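Have a look at the structure below before the remarks.
A quick note: this is a predicted structure, and the numbers were derived from the prediction, not measured. Chain identifiers are assigned alphabetically (A, B, ...) following the order of the sequence lines, protein sequences preceding nucleic acid strands; residue numbering begins at 1 within each chain.
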Amino acid sequence: MPPPSCLPPVLTPSSLDFLRCSLLDWYTISGRDLPWRHTRDPYAIWISEIMLQQTQVKTVIPYYDRWLRQFPTIEALAAADQQQVLKAWQGLGYYARARHLHQAAQLIVQTHGGQFPDTLEAVLKLPGIGRTTAGGILSAAYNQPVPILDGNVKRVLSRVMALPVPPSKAMKHLWQASSELLDRQHPRDFNQALMDLGATLCTPSNPACLLCPWRTACRAFDLNMQNDLPVSERRAPLPHKQIGVAVIWNQQGQILIDRRRPDGLLGGLWEFPGGKIEPNETVEACIRREIQEELGIEVEVGDRLITIDHTYSHFHVTLNVHHCRHVQGEPQPIECAEVRWVTVDELDQFPFPKANVQIITALQTANCPH
DNA sequence: TAAACGTGGCG
DNA sequence: TCGCCAAGTTT
């Protein structure tokens with residue numbers, strides 16, 4: 001049962017001082033040592049903030065290190081081509097982040113002389129940067145007093161205030177709380193500390209309340225509701241799609257791959273062609289039909305290579321992958337951006353989504369024709 | 001406003 | 001196996 005919403009406010013002038021001081025003291029002792037906390041280069045911090053969107057620290061660190069070696073400056077990123085950028089992002093997901101990063105770098109070179117902007121207004125105009133990321137960058141890089149509201153902060157504040165509704169229903173209230181709480185004397189450390197609190201103590205399940213500097217002020221702890229908050233959002237079950245996928249071989253022992261259109265799911269990445277299996281359609285018939293529709297060629301469907309179950313953010317798929325033989329016609333980029341014949345050894349040079357990387361691995365390990 | 005948008009980890 | 005969640009933004 002949700003808590004009553006008519007309790008006295010948690011954030012009073014006198015409690016604010018306690019919350020700020022106790023959090024900063026805790027952070028001094030228990031804050032995490034993270035790679036992007038060793039720099040104040042706004043570019044490096046920007047990269048970290050984008051990679052960290054919906055992505056855990058542990059996943060990000062190796063990508064962050066590689067990225068800064070490969071693209072050490074905004075100019076270097078702007079000058080790269082999109083395929084290089086997507087390859088560096090391969091496996092991180094939400095690929096629009098990489099496309100926006102690339103676009104934004106080019107925009108910064110054109111309109112800000114290659115210098116990352118230092119005003120909230122200018123930063124918010126960059127593609128891929130919303131309010132939370134802007135606050136994260138401006139506070140971390142320039143110590144500007146701009147609040148944040150990421151998943152950690154939403155959870156921490158939902159508990160401290162015993163928010164009776166899902167966070168998405170109270171965004172205005174949460175932003176106000178984050179802004180009022182923010183320590184204007186120490187915005188960099190305060191924002192980082194708030195996120196660390198959420199990531200290490202005020203965790204989604206089994207929060208370590210006995211170690212928390214805020215436990216005496218936390219309404220959820222007081223009500224013993226820390227395991228029931230924040231109120232979860234309902235989501236519909238994910239639909240499941242059956243997909244037919246073709247590994248099409250030509251007489252030279254090459255394979256046909258296509259590059260997806262620049263926007264939408266997996267935009268700009270390469271893939272093995274295929275499509276959705278219609279009701280009452282066999283995998284083989286689906287593959288022949290899809291390849292004709294998408295590439296304008298005729299293929300003969302052969303042995304199954306691998307079956308892959310994969311989950312995207314909003315649906316499940318089963319990829320039914322078959323070897324195919326190119327029979328006739330010149331491949332045309334009818335429903336994609338580009339098509340190309342490549343050898344198995346060349347596949348590693350192209351950015352592929354994770355489910356397709358599994359196909360490549362199967363090709364490199366299994367006994368294949370040719 | 002709500003849905004689209006990846007992947008990995010955990011209970 | 002399955003649902004939930006993670007340093008959110010865009011349309």
Side-chain angles (χ1 to χ4, degrees), chain A residues 31-32 34-37 45-64 86 89-101 103-104 123-140 146-158 166-169 171-172 174-175 178 191-200 202-207 227 229-240 260 262-269 271 308-318 351-358:
Chain A
R32 292 174 293 179
L34 300 172
W36 38 90
R37 289 183 182 165
I45 290 166
W46 171 37
I47 298 303
S48 75
E49 289 288 339
I50 301 298
M51 288 186 171
L52 286 161
Q53 289 171 3
Q54 302 288 282
T55 309
Q56 295 183 341
V57 165
K58 188 179 139 194
T59 305
V60 164
I61 288 175
Y63 281 91
Y64 173 82
L86 289 172
W89 200 269
Q90 176 176 307
L92 258 188
Y94 287 139
Y95 296 93
R97 293 184 292 173
R99 300 193 303 267
H100 288 149
L101 217 34
Q103 291 166 18
V123 170
L124 281 173
K125 282 183 179 159
L126 298 171
I129 299 184
R131 215 173 150 185
T132 287
T133 300
I137 297 171
L138 289 170
S139 62
V146 186
I148 58 172
L149 188 58
D150 67 346
N152 290 307
V153 179
K154 283 180 200 165
R155 184 172 57 258
V156 170
L157 296 181
S158 296
S168 66
K169 304 294 181 193
M171 293 299 281
K172 200 167 171 182
L174 287 165
W175 271 110
S178 178
N191 279 344
Q192 297 299 314
L194 198 48
M195 289 190 284
D196 273 17
L197 189 69
T200 65
C202 195
T203 49
S205 59
N206 303 318
N227 287 303
L229 294 175
V231 177
S232 70
E233 325 263 351
R234 306 204 139 42
R235 34 181 100 162
L238 304 183
H240 194 298
R260 295 174 64 90
D263 297 304
L265 183 70
L266 307 170
L269 297 189
E271 65 178 3
I308 297 164
D309 286 310
H310 186 75
T311 302
Y312 293 102
S313 49
H314 52 304
F315 60 96
H316 301 287
V317 290
T318 299
F352 281 92
K354 193 220 169 197
N356 279 247
V357 170
Q358 292 183 248

### Query
Under 3.5 Å, side chain of A:Asp196 to main-chain N/O of A:Arg32, donor-acceptor pair present?
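Side chain of A:Asp196 to backbone of A:Arg32: a pair is present.
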(Q) Keeping A:Tyr63 on the side-chain end and A:Ser48 on the backbone end, is there a donor-acceptor pair under 3.5 Å? (A)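 Not confirmed, A:Tyr63 side chain does not pair with A:Ser48 backbone.
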Work out how far the [atom1] atom of [N] is from that of [M], and round it to whole angstrom.
N     : M      : atom1 : value
C:dA6 : B:dT1  : C1'   : 23 Å
C:dA7 : B:dC10 : P     : 14 Å
C:dT1 : B:dG6  : P     : 24 Å
C:dC2 : B:dC5  : P     : 23 Å

Per-nt protein contacts along nucleotides 3-11 of chain B (heavy atom under 4.0 Å; B base, S backbone sugar-phosphate only, - none) come out as -SBBBS---
Could you tell me whether [X] contacts a base, only the sugar-phosphate backbone, or nothing, with contacts defined as non-hydrogen atoms closer than 4.0 Å?
X        : answer
A:Ile129 : sugar-phosphate
A:Leu34  : base
A:Trp89  : nothing
A:Pro237 : nothing

Report task. By nearest nucleotide on DNA chain C, pick out whichever of A:Leu52 and A:Leu126 is the more 5' one. Result ->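 Final value for this comparison: A:Leu52.
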- Earliest and latest nucleotide of DNA chain C, 5' to 3', sitting under 4.0 Å from a non-hydrogen atom of chain A?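 Under 4.0 Å from chain A, the extent on DNA chain C is C:dC4 to C:dT10.
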With the side chain counted from C-beta on, respond yes when [X] and [Y] share a heavy-atom pair under 4.5 Å apart, and no when they do not.
X        : Y        : answer
A:Pro167 : A:Glu233 : yes
A:Tyr64  : A:Thr59  : no
A:Thr318 : A:His240 : yes

Report task. Compute the ring centroids of A:His314 and A:Tyr312, then answer whether they are less than 6.0 Å apart. Result ->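 No, ring centres 6.0 Å or more apart.
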Discussion item. Within this structure, what is the CD1-CG distance for the pair A:Ile61 and A:Leu34, rounded to the nearest 0.5 Å?
Written reply: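 It comes to 6.0 Å.
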### Query
Say you draw a straight line from CG of A:Leu126 to CH2 of A:Trp46; how long is it, rounded to the nearest 0.5 Å?
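Separation between the atoms: 6.5 Å.
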Next item on the list: Step by step, work out the side-chain contact (heavy atoms from CB on, under 4.5 Å) result for A:His100 and A:Ile50.
Entry: CA-CA 10 Å; A:His100 288 149; A:Ile50 301 298; over 6 Å; no
Item to check | Intermediate values then yes/no, side-chain hydrogen bond (donor to acceptor under 3.5 Å, both in side chains), A:Gln53 and A:Arg97 | outcome: CA-CA 9 Å; A:Gln53 289 171 3; A:Arg97 293 184 292 173; 4.9 Å; no
* Please test A:Arg131 against A:Leu149 for side-chain contact (heavy atoms from CB on, under 4.5 Å), starting from the C-alpha separation and ending with a verdict. => CA-CA 8 Å; A:Arg131 215 173 150 185; A:Leu149 188 58; over 6 Å; no
Exercise for review: Identify, residue by residue, the members of residues 130-139 of chain A with a heavy atom below 4.0 Å from DNA chain C, and return them in order of residue number, or none.
Suggested key: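 Listed by number, they are A:Gly130, A:Arg131, A:Thr132, A:Thr133.
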